[in-house]
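All heavy atoms count here, side chains included; hydrogens, waters and symmetry mates do not. A quick note: this is a predicted structure, and the numbers were derived from the prediction, not measured.
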Amino acid sequence: MGNFNKHDTTRDACQLFGKQAKNGYDWWWNSLTAYHEKTGAAKQFFIEFFLCNPALGKKYPVYGQLPENQRKHRKPSYMMVKVGTWGKDAVQLHRFFGWKKIKVNMSDDFCISADDCRIDEFHTSGSVEVSAETAAEHPEMMTDAGSMSWNLLINKKVAYNVGYGAGKTFRTMQLFEMFWHAEGMQTAFDGEIILNGEKYIVKPNTCFGYSDKNWGKDFTSPWVWLSSNDLYSTTFRKRLENSVFDIGGGCPKIGCVALKRKLLSAFWYEGQCFEFNFSKFWELPTTKFNCRETEDKIIWHVDQSALGRRMVVDIVCNKADMLLINYEAPNGKKLHNRLWNGGNGKGRIRLYKWGKLVDEIICRSVGCEYGEY
């Protein structure tokens, strides 16, 4: 099993030290399903805390997309709290804080807060409200209009620890352009969310929650992410209660060297681990993937194998259920302008061991992302 499901909260600590303090980002992402208090209708939400360039911090946020800052080559510097939902009323809402107002615990027990917005290993709460006038008059904020507040307990049940690639040595040397750690690829949330005045209830056993983090100097292209623990076995005709998969990557870089078309992937299948990790070369990993955009859909196909294991993944998500998610890099550039992001993907996964089909699994509530520049 190795490090596959080994929890390591030191990787969740803030990594913006050294050179990355002046040219780096670090973010904590959470996504989940909640249910309308009155109708019971399911809805997927996301909550993210995004830190950028603390050593360049000011009293107020520095927006990299502001024309004046671009002319003067000012890098962005702020904490952005990004929240929202997918579906027919998909929305992403941004609230920014200057570094003088942000508190960050740089120890292994991470805690980040500003005003009423807070996140640590076990809890997150806060509020974001953006008026239509603010969204229209400030494109540098890259935000829609609306309001959302939340108060959630966090219980990270299954981890995806990618191994030495995000270990202490590589983190200290800051070798990769983009790092990844999923401390809670299966996470139980408990609490409530209020979106535009409508209350949604979050329950641990039905939230299909996910928590991870990324950090580094820039973003990968292509950018691929797929994950879900809303899974049903067609072979055994039952819901899989102790299973989750997670796929991420695209084109990782070590310094200036690009490792093209590489994915890190894991399937925790009812206590068995199926991992496909390009850094574990002794397991002879292979990866083939194709992501494409049609007029109304984003489609992912991933085929991976390693040491007698194989996973074939086919996921689709309607564009109507997605949004084009907005980030700017620490250098102030916004190269990803068609980064599709969703929480309503669906499809099938086939798992094999030594050529024999272990299970064919229906996947729903798939967190999904694809973008290329």
Side-chain angles (χ1 to χ4, degrees), residues 25 27-32 34 36 43-53 57-72 74-102 112-119 124-151 193-200 219 223 318-330 332-344 369 371 373:
Y25 67 89
W27 86 58
W28 294 258
W29 170 274
N30 302 273
S31 51
L32 60 134
H36 194 279
K43 194 165 190 58
Q44 284 76 28
F45 291 90
F46 58 89
I47 299 163
E48 178 185 4
F49 283 62
F50 180 102
L51 306 183
C52 187
N53 293 340
K58 307 290 184 182
K59 182 177 181 180
Y60 300 103
V62 179
Y63 302 104
Q65 298 307 296
L66 197 64
E68 179 184 356
N69 289 337
Q70 291 185 335
R71 286 194 300 271
K72 295 182 178 180
R74 289 178 181 152
K75 293 181 179 180
S77 179
Y78 48 69
M79 179 172 85
M80 175 178 68
V81 181
K82 175 195 285 286
V83 301
T85 184
W86 299 286
K88 64 179 181 180
D89 54 352
V91 65
Q92 59 183 317
L93 306 174
H94 294 166
R95 183 179 179 184
F96 293 87
F97 297 91
W99 274 95
K100 299 293 185 182
K101 298 183 179 180
I102 303 166
I112 302 158
S113 63
D115 196 18
D116 67 330
C117 294
R118 175 188 172 95
I119 188 169
T124 182
S125 58
S127 64
V128 178
E129 184 170 1
V130 184
S131 68
E133 292 76 16
T134 297
E137 293 172 6
H138 295 279
E140 70 276 8
M141 295 177 67
M142 307 174 291
T143 185
D144 300 321
S147 66
M148 179 171 144
S149 62
W150 66 97
N151 189 359
I193 295 171
I194 299 175
L195 176 69
N196 296 325
E198 298 289 323
K199 182 184 285 191
Y200 292 81
F219 311 128
W223 184 329
N318 295 323
K319 287 182 178 179
D321 289 332
M322 305 180 77
L323 52 78
L324 291 169
I325 202 159
N326 290 321
Y327 297 101
E328 59 182 355
K333 295 181 180 179
K334 188 176 185 297
L335 299 178
H336 271 294
N337 293 301
R338 289 189 70 78
L339 181 54
W340 289 98
N341 175 281
N344 304 310
E369 209 157 28
Y373 64 80

Could you tell me whether the side chain of M148 reaches within less than 4.5 Å of the side chain of I47, counting heavy atoms only? yes

Within the supplied structure, the quantity of interest is the number of heavy atoms (other residues, nucleotides, ligands) at a distance under 6.0 Å from Q70 CD; does it exceed 12? yes

Short side-chain to backbone donor-acceptor contact, E140 and Y63, under 3.5 Å: no

Between Y327 and Y25, is the ring centre distance below 6.0 Å? no

Indicate whether the side chain of K82 and that of N326 have a donor and an acceptor atom separated by less than 3.5 Å. no

Would you say that L51 contacts W28 through its side chain, given a criterion of any heavy-atom pair below 4.5 Å between the two side chains? yes

Are I193 and K43 close enough that some pair of their side-chain heavy atoms sits under 4.5 Å apart? no

Are W150 and L32 side-chain neighbours, meaning at least one heavy-atom pair lies under 4.5 Å? no

Counting distance only, does the side-chain N/O of T124 pair as donor-acceptor with the main-chain N or O of R118 below 3.5 Å? yes

Any chance the side chains of W99 and N53 put a donor and an acceptor closer than 3.5 Å? no

Do W340 and L324 touch side chain to side chain, with heavy atoms closer than 4.5 Å? yes

Using atom types as modelled and distance alone, determine if a side-chain donor or acceptor of W86 lies under 3.5 Å from a backbone N or O of N341. yes

Hey, does E129 have a side-chain heavy atom less than 4.5 Å from the side chain of S149? no

Would you please indicate if the ring centroids of Y373 and W223 are separated by under 6.0 Å? no

Is there a donor-acceptor contact under 3.5 Å linking the side chains of Q92 and D144? no

